[in-house]
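So the structure is just underneath, and the comments pick up after that.
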Amino acid sequence: MYPYGSFGPYTNRTEYGWSNISPVNTGQQLLCFSPGQFEFKQAMRSLWEQHVAWTRMSITSLVFGLPDTDPVVARLLQNATDMGNALRPLYGAGAADAFSKLINEHLVIASELVKAAKAGDSAAAAAAEKRWYANADQIIEFPARLNPYFPTEEFRKMFYEHLALTKEEAVTMLQQDYKGSIQLYDRLERQALTMADLLSAYLYAGAA
């Protein structure tokens with residue numbers, strides 16, 4: 001089951017996501033989203049937007065020891081539950097709970113990595129990063145369990161970039177390079193929306 005007819009000849013994947021190309025020069029009919037497809041796509045975009053936004057806020061709170069750290073991190077972890085719940089109507093409780101668990105681990109380990117880096121504990125930071133990538137591989141391979149046509153290696157490249165950018169975002173914050181940190185966030189936001197669109201396309205198609 002390919003996503004929306006593989007998006008046909010009228011769409012072009014950019015770093016901002018899936019964008020429509022005018023059918024004027026093609027002479028063919030423009031593909032349309034069903035209401036369910038559109039709603040799921042928008043939900044995934046919102047969840048990944050929240051994912052990078054609350055990650056950034058958590059990094060800021062952890063780095064500077066702000067009094068809002070605990071509630072901010074708690075709100076970040078809610079993102080894991082919400083991502084799982086997005087899959088629940090399509091794939092049931094088992095898949096939803098499994099995905100939530102993987103995303104929760106991803107976020108918890110990221111927090112541990114920031115804490116270790118702030119403390120200057122390079123051994124703890126290296127150990128956390130190793131676990132972070134092991135967890136990432138589980139997240140990357142998860143969608144193929146739901147849709148065998150899912151492009152795992154393409155997603156792996158995207159998700160590894162997400163990890164690298166997130167780590168760099170934390171490093172620039174620790175180094176008080178705030179301009180660089182903002183530029184990284186802009187890249188993270190665009191990249192997260194691209195991942196969201198890839199996931200929504202294949203996960204909705206896999207449940208069809």
Side-chain angles (χ1 to χ4, degrees), residues 1-23 29-56 75-107 110 135-163 165-166 185-208:
M1 290 176 285
Y2 295 94
Y4 316 144
S6 298
F7 288 86
Y10 314 114
T11 55
N12 178 39
R13 186 163 57 197
T14 71
E15 63 179 342
Y16 296 94
W18 301 97
S19 59
N20 288 332
I21 295 176
S22 170
Q29 184 179 1
L30 180 65
L31 280 175
C32 296
F33 291 109
S34 72
Q37 290 167 341
F38 179 77
E39 289 173 10
F40 187 67
K41 179 176 184 287
Q42 293 303 101
M44 291 299 289
R45 280 185 147 239
S46 177
L47 288 169
W48 281 93
E49 182 83 40
Q50 292 171 26
H51 182 85
V52 294
W54 285 104
T55 294
R56 179 174 178 80
R75 175 58 184 85
L76 172 63
L77 295 180
Q78 177 62 38
N79 182 253
T81 300
D82 294 342
M83 283 193 174
N85 285 337
L87 301 184
R88 197 172 299 272
L90 298 177
Y91 293 101
D97 293 343
F99 194 60
S100 289
K101 183 173 183 289
L102 290 173
I103 297 296
N104 185 81
E105 290 173 355
H106 164 69
L107 298 172
N135 163 262
D137 284 333
Q138 291 180 294
I139 293 172
I140 291 161
E141 292 160 9
F142 183 85
R145 292 161 51 185
L146 306 180
N147 184 344
Y149 294 103
F150 186 79
T152 299
E153 294 311 310
E154 182 178 356
F155 186 47
R156 190 183 310 278
K157 181 179 178 181
M158 291 180 181
F159 206 79
Y160 279 9
E161 182 183 9
H162 171 70
L163 297 188
L165 289 172
T166 301
Y185 179 76
D186 286 340
R187 290 174 61 190
L188 271 160
E189 184 181 33
R190 292 193 297 268
Q191 199 260 351
L193 292 175
T194 303
M195 287 198 298
D197 288 340
L198 182 72
L199 286 165
S200 65
Y202 282 89
L203 292 179
Y204 195 92

### Message
Does any part of the side chain of Met44, heavy atoms only, come nearer than 4.5 Å to the side chain of Met195, both counted from C-beta?
### Response
no
### Query
Can you tell me if CZ on Arg187 sees more than 12 non-hydrogen neighbours from other groups inside 6.0 Å?
no
### Query
Taking the side chain as C-beta and beyond, is there a heavy-atom pair between Asp197 and Arg45 under 4.5 Å?
yes
### Approximate separation, where rounding is to 0.5 Å, of Leu87 CG and Leu199 CG
8.5 Å
### Query
Which distance, rounded to the nearest 0.5 Å, do you find between the CG of Leu193 and the NZ of Lys41?
9.0 Å
### Query
Excluding sequence neighbours, so at least two apart, what forms ring pair (Phe, Tyr, Trp, His ring centres under 6.0 Å) with Phe150?
Phe155, Tyr202
### Summary
Rounding to 0.5 Å, atoms CE (Met83) and CD1 (Ile139) come to a distance of 9.0 Å
### Task
Please report the shortest heavy-atom distance between Gly84 and Ala96, naming the atom on each side.
O-CB, 3.0 Å
### Summary
Those residues at least two apart in sequence (or on a different chain) that pass salt bridge (charged side-chain N to carboxylate O under 4.0 Å, His left out) with Lys157 are none
### Summary
Heavy atoms of Ala80 and Asn104 approach each other most closely as CB-N, 3.4 Å
### Query
Parallel, tilted or perpendicular: which describes the rings of His162 and His51, with under 30° parallel and over 60° perpendicular?
tilted
### Query
Between Val52 and Tyr185, what is the shortest heavy-atom contact and its length?
O-CE1, 3.6 Å
### Partners passing salt bridge (charged side-chain N to carboxylate O under 4.0 Å, His left out) against Asp82 (at least two apart in sequence or in another chain)
none
### Task
Would you please say whether a donor-acceptor pair under 3.5 Å links the side chains of Ser46 and Gln42?
no
### Query
What distance separates Leu188 CG from Thr166 OG1, expressed to the nearest 0.5 Å?
4.5 Å
### Task
With sequence neighbours left out, write down each residue that passes side-chain contact (heavy atoms from CB on, under 4.5 Å) with Ala98, or none if nothing qualifies.
Phe142
### Query
Is the shortest heavy-atom distance from the side chain of Asn85 to the side chain of Phe99 under 4.5 Å?
no
#### Entry: Approximate separation, where rounding is to 0.5 Å, of Trp48 CH2 and Leu198 CG
10.5 Å
### Query
With sequence neighbours left out, what residues match Arg145 under salt bridge (charged side-chain N to carboxylate O under 4.0 Å, His left out)?
none
### Query
Taking atom CG of Leu102 and atom CG of Leu107, what is their separation to the nearest 0.5 Å?
11.0 Å
### Query
Yes or no on side-chain contact (heavy atoms from CB on, under 4.5 Å) for Thr152 and Arg156, after CA distance, side-chain angles and deciding distance?
CA-CA 6 Å; Thr152 299; Arg156 190 183 310 278; 3.8 Å; yes
### Summary
Residues Ile103 and Asn79: closest non-hydrogen pair is CG2-OD1, 4.4 Å
#### Entry: Counterpart residues, salt bridge (charged side-chain N to carboxylate O under 4.0 Å, His left out), relative to Glu39 (two or more places apart)
none
### Query
When you measure from the side chain of Gln191 to the backbone N and O of Met158, does any donor-acceptor pair fall under 3.5 Å?
yes
